[in-house]
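Here is the structure we will look at, set down as structure tokens.
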Amino acid sequence: MPELPEVETVVRGLRMLLPGRSIVGVRLGKTDFIDDPASLEEGLPGSRIASVERLGKFIRILLDPQQSAAQKEGRRNLIVHLGMTGRLAVRPAGEPFPPHTHGFFELDDGRELRYTDPRRFGRIVLVPESGIAAFGGRLGDEPLEISAREFQRRLGGRRARIKALLLDQSVLRGVGNIYADESLWRAGIHPARLAAQLSRTDLARLRQAIRYVLRWAIRLGGSSISDFVDAEGNPGEFQIRHRAYHRHGKPCFRCGTTIRQMIVAGRSSHFCPKCQPPPRGKRGGARAAAHAKRAA
DNA sequence: AGCTCTTCCTGAAAGC
DNA sequence: TGCTTTCAGGAAGAGC
């Protein structure tokens, strides 16, 4: 599933291909994951792609209005979220396309930007430039840019489980299930621990772990599971570097203990029970401990 | 505030 | 072998 490193990989690819190109036509298949399909089909042709950026897990394609005149709309942003199985690729217009390709954005150089998404958990929205600040405002900080102090402030003291906070896009933008598990493993923190129980050192270590893991994953072109590929169709290589994610039943790279899996924050979570000690009192954690205390 | 459950959707994997 | 069932999972919304 595309998370920050995968989206960054796609964005870097698109950045080589799209800026300067104009959209000359739009064809859509199924549109139930597109906010306003008609406005894409009618409003996009003629606009010129100015830039491609990443906003957390969102891809932001900035469009200059059509030269002609007619509409005096300002700049707009084609915002794409890949969901779980979304893919964006730039291919020659005549080339056969894979099943579940629901968006075709024809370019002025004979190629087209294609959106493919079997499960359609993705999202495509057109946001006017004037609305982009509000859009970004709903997202938390960039994990690669957040300072140690700010990280401490955003997460420290929260009563939620640390895993839930890492996945919360309004806290940090871009971290998903894979990189949450990988970062927690690296930092030696159990996913079910409450953020408020973590020490300053724990949080500092976690921030560093997140930075390390994300940067490494970006360098390797992301993780290819659920067949992720970049803008040119190449798979990433970080999946072979996973230390925790989907490794339940296998030995921990650090201590050899068997990696376990449990549901935390409604998500399947993978961790080493030895390197990442559970919140006080083995299974049950703080909740069971509080329960026992009350009963006693 | 934060947790759990549900919904969306399809293909892969497990079950029989 | 082949059909049926279950499940995963990002995000949002409901209900507790």
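Letters A, B, ... are given to chains in the order of the sequence lines, protein chains preceding strands, and every chain is numbered from 1.
- A:Lys163 has no side-chain polar atom (N or O) that falls below the 4.0 Å cut-off from OP1 or OP2 of B:dC3.
- In this structure, A:Met262 atom CE and B:dC3 atom C1' are separated by 14 Å, rounded to whole Å.
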Task: Worked check of side-chain contact (heavy atoms from CB on, under 4.5 Å) between A:His190 and A:Met262 - done: CA-CA 11 Å; A:His190 192 285; A:Met262 70 183 280; 3.9 Å; yes
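- Counting any heavy atom pair closer than 4.0 Å across all strands shown, A:Glu3 reaches no nucleic acid atom.
- Side-chain contact check for A:Phe135 versus A:Leu55: some heavy-atom pair is nearer than 4.5 Å.
- Between the CZ atom of A:Arg87 and the P atom of B:dT10 there is a distance of 16 Å, given to the nearest Å.
- The side chain of A:Arg158 contributes an N or O atom lying less than 4.0 Å from OP1 or OP2 of B:dG2.
- A:Arg120 forms no cation-pi arrangement with A:Phe33, by the criterion of a distance under 6.0 Å to the ring centre and an angle within 45° of the ring axis.
- The stretch residues 177-192 of chain A participates, sequence neighbours left out, in these salt bridge (Lys or Arg N to Asp or Glu O under 4.0 Å) pairs: A:Lys163-A:Asp181.
- More than 12 heavy atoms of other shown residues, nucleotides or ligands fall within 6.0 angstrom of atom CZ in A:Arg254.
- Remark: A:Asp168 engages no residue in a salt bridge (Lys or Arg N to Asp or Glu O under 4.0 Å) (not counting sequence neighbours).
- With sequence neighbours excluded, the residues satisfying salt bridge (Lys or Arg N to Asp or Glu O under 4.0 Å) with A:Glu8 are A:Arg12, A:Arg54.
- Phosphate contact (OP1/OP2 of B:dG11, side-chain N/O of A:His100, threshold under 4.0 Å): present.
- On the nucleic acid side, DNA chain C contacts chain A at distances under 4.0 Å to non-hydrogen atoms, with the end points of that region at C:dA8 to C:dA11.
- Axis orientation changes by 50° from one end of the helix from B:dG2-C:dC16 to B:dC16-C:dG2 to the other, with each end axis drawn from 5 pairs and the value rounded to 10°.
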Could you pull out all donor-acceptor pairs under 3.5 Å where a side-chain atom in residues 212-220 of chain A meets a protein atom, sequence neighbours excluded?
none

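- A straight line from CG of A:Leu155 to P of B:dG2 spans 11 Å, rounded to a whole angstrom.
- Look at CG on A:Asp117: it is 11 Å from P on B:dG11, rounded to the nearest Å.
- Atom-to-atom, CZ of A:Arg267 to P of B:dG2 comes out at 18 Å; the value is rounded to the nearest Å.
- Rounded to whole angstrom, the span from the NE2 atom of A:His248 across to the P atom of B:dA13 amounts to 13 Å.
- A salt bridge does not link A:Asp32 with A:Lys30: every distance from a Lys NZ or Arg NE/NH1/NH2 to an Asp or Glu carboxylate oxygen is 4.0 Å or more.
- Across all strands shown, A:Asn177 has heavy atoms under 4.0 Å from sugar-phosphate atoms exclusively, and none from any base.
- Across the protein-nucleic acid pair, A:Phe121 atom CZ and B:dG11 atom C1' stand 12 Å apart, rounded to whole Å.
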